[in-house]
Amino acid sequence: MEFTTPPPATRSGGGEERAAAEHNQHHQQQHATVEKEHMFDKVVTPSDVGKLNRLVIPKQHAEKYFSLDARVAVAGQRGWLATAAGESRNFSGGRAFSESNLVGRGSYGSVYRCRLKGHGMEEEMAVKVFDLEMPGAERSFLAECEALRSIQHRNLLPIRTACSAVDNRGGMFKALLYEFMPNGSLDTWLHPRAAPAAGEKAPKRLGFSQRVNIIVNVADVLDYLHHECGRPTVHCDLKPSNILLDDDLNALLGDFGIARPRLYSGEAQVPPKAMVGPTLGHAVV
Ligand SMILES: Nc1ncnc2c1ncn2[C@@H]1O[C@H](COP(=O)(O)OP(=O)(O)OP(=O)(O)O)[C@@H](O)[C@H]1O
């Protein structure tokens, strides 16, 4: 299967030397990326994509994965991942990842609602497509893969798979697929954006016991991350939009894009300097 990416935009006023230097730098960065991606080598069985709970696809298997999942459909379109890979530098208006499927945008990419079909199963997913032109997006993708590969808890947003592919012009496509949470994020419950239009129901409100349950869920998963998992982790970006609510309004913590291993007890945890900092109003826990 061939992936195509629009050619890079023509530079103005750069000169050939500068272009060559940038070209070299780009290749070195890609080489470094390929090396980093070897860390995913242990966790791969693309043929079970519909069943597996935690699956990371290394780059060398990505094409196999995409071919295999030509059956995958988003909003009735077949082969959506291949399409998305082709649009990796211009995914804002892609047909497969259209505005009508857009759930929301974050600092490093956009989340789309989709249906994953295959192996006689159909599942609703949230696909986070990384905007790799954003500084820190690549690092965020890797941080999330690294954090999620070794942790498991009932109050963590379940990740289904990670996709990392290079198209035939060297353009990168990276996405994470999570279970879709029909009740959205805690943010939308606490701060409904607009007054309901005529005929629409008023936004639902959380009751006292539901709020207590959410607090307990979040405390529970943070305790697990800090003290009980094999690789103690600090989330670093705790905020309502990263707390998703399932059918029963249980809270599931997501977005490990700036999570870090916990250093040692007693040390203050600070987010990495080189990254885009956590959002205003977040908690570094
Ligand atoms: N599995 C999911 N099911 C439903 N909605 C989701 C899911 N994952 C993320 N979202 C929603 O998609 C939107 C974008 O999420 P994303 O994690 O990219 O950014 P963010 O947390 O809003 O912001 P930032 O990246 O700046 O921290 C958010 O509103 C989030 O609640």
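Note that this is a predicted model, so its numbers are computed, not measured. Both backbone and side-chain heavy atoms feed into the values below; hydrogens, waters and symmetry mates do not. Note that ligands are numbered from 1 as they come in the structure, with each ligand's atoms numbered from 1 the same way.
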Discussion item. Between Arg105 and Asp131, does any side-chain N to carboxylate O distance fall below 4.0 Å?
Written reply: no
Worksheet item: Between Met181 and ligand 1, is there a nitrogen or oxygen pair with a distance under 3.5 Å?
Response: yes
Worksheet, complete the sentence: Rounded to the nearest 0.5 Å, the CD1 atom of Ile159 sits from the CE atom of Met125 at a distance of 10.0 Å
Worksheet item: So, do Tyr108 and Phe130 have ring centers that fall under 6.0 Å from each other?
Response: no
Practice prompt. Carefully, step by step, assess Lys128 and Asp255 under the rule salt bridge (charged side-chain N to carboxylate O under 4.0 Å, His left out).
Written response: CA-CA 10 Å; Lys128 184 168 180 174; Asp255 197 352; 3.3 Å; yes
Worksheet entry | Heavy-atom side-chain proximity of Asp237 to Lys239 below 4.5 angstrom | yes
Worksheet item: Given Val111, Ile159, Leu186, which has its nearest heavy atom closest to atom 14 (C) of ligand 1?
Response: Val111
Practice prompt. For Asn242, counting its heavy atoms only, list the atoms of ligand 1 lying under 4.0 Å from any of them.
Written response: 21 (O)
Worksheet item: Which one holds for Ser241 and ligand 1: side chain close, backbone close, both close, or neither close, with close meaning a heavy atom under 4.0 Å?
Response: both
Worksheet item: Going by the order shown, which atoms of ligand 1 are within less than 4.0 Å of some heavy atom of Phe180?
Response: 3 (N), 4 (C)
Worksheet entry | Those atoms of ligand 1 less than 4.0 Å from some heavy atom in Val103 | 5 (N), 11 (C), 12 (O)
Response to the item:
Rounded to the nearest 0.5 Å, the CD1 atom of Ile215 sits from the CG atom of Leu186 at a distance of 9.5 Å
Response to the item:
The complete set of salt bridge (Lys or Arg N to Asp or Glu O under 4.0 Å) pairs with one or both residues in residues 209-223, sequence neighbours excluded, reads Arg154-Asp220
Worksheet entry | Which segment of Arg113 sits under 4.0 Å of ligand 1 when only heavy atoms are counted | neither
Worksheet item: Which ligand 1 atoms are under 4.0 Å away from a heavy-atom of Asp237?
Response: 27 (O)
Response to the item:
Among Leu157, Leu244, Val127, Asp131, closest by heavy atom to atom 6 (C) of ligand 1 is Leu244
Practice prompt. Using the rule that two of Ile, Leu, Val, Met, Phe, Trp, Tyr join whenever any of their side-chain heavy atoms come within less than 4.5 Å, decide whether Val103 and Leu245 are in one cluster.
Written response: no
Worksheet item: Looking only at heavy atoms of Lys239, does any of them come nearer than 4.0 Å to an atom of ligand 1?
Response: yes
Discussion item. Need the ligand 1 atom indices (1-based, order shown) with element for anything under 4.0 Å from a heavy-atom of Lys128.
Written reply: 17 (O), 18 (O)
Worksheet item: Hey, which atoms in ligand 1 end up nearer than 4.0 Å to a heavy atom of Glu179?
Response: 1 (N), 2 (C)
Worksheet item: Considering only heavy atoms, does Asp187 approach ligand 1 within less than 4.0 Å through its side chain, its backbone, both, or neither?
Response: neither
Worksheet entry | Contact (N/O only, under 3.5 Å) between Ser107 and ligand 1 | yes
Practice prompt. Assess whether side-chain hydrogen bond (donor to acceptor under 3.5 Å, both in side chains) is satisfied between Asn155 and Asn250, documenting all intermediate values.
Written response: CA-CA 8 Å; Asn155 297 115; Asn250 293 309; 5.7 Å; no
Discussion item. I need the atoms of ligand 1 closer than 4.0 Å to a non-hydrogen atom of Ser185, numbered in the order shown.
Written reply: 31 (O)
Fill in: Within reach of ligand 1, part of Thr188 (heavy-atom separation under 4.0 Å)
neither
Discussion item. Checking Tyr178 now: which residues fulfil ring-ring contact (aromatic ring centres under 6.0 Å, His included) with it, not counting sequence neighbours?
Written reply: none
Practice prompt. State the atoms of ligand 1, each with its element, that fall below the 4.0 Å cut-off from a heavy-atom position in Ala126.
Written response: 1 (N), 2 (C), 3 (N), 7 (C)
Discussion item. Are Phe141 and Leu132 packed together at the side-chain level, in the sense that at least one heavy-atom pair is separated by less than 4.5 angstrom?
Written reply: no
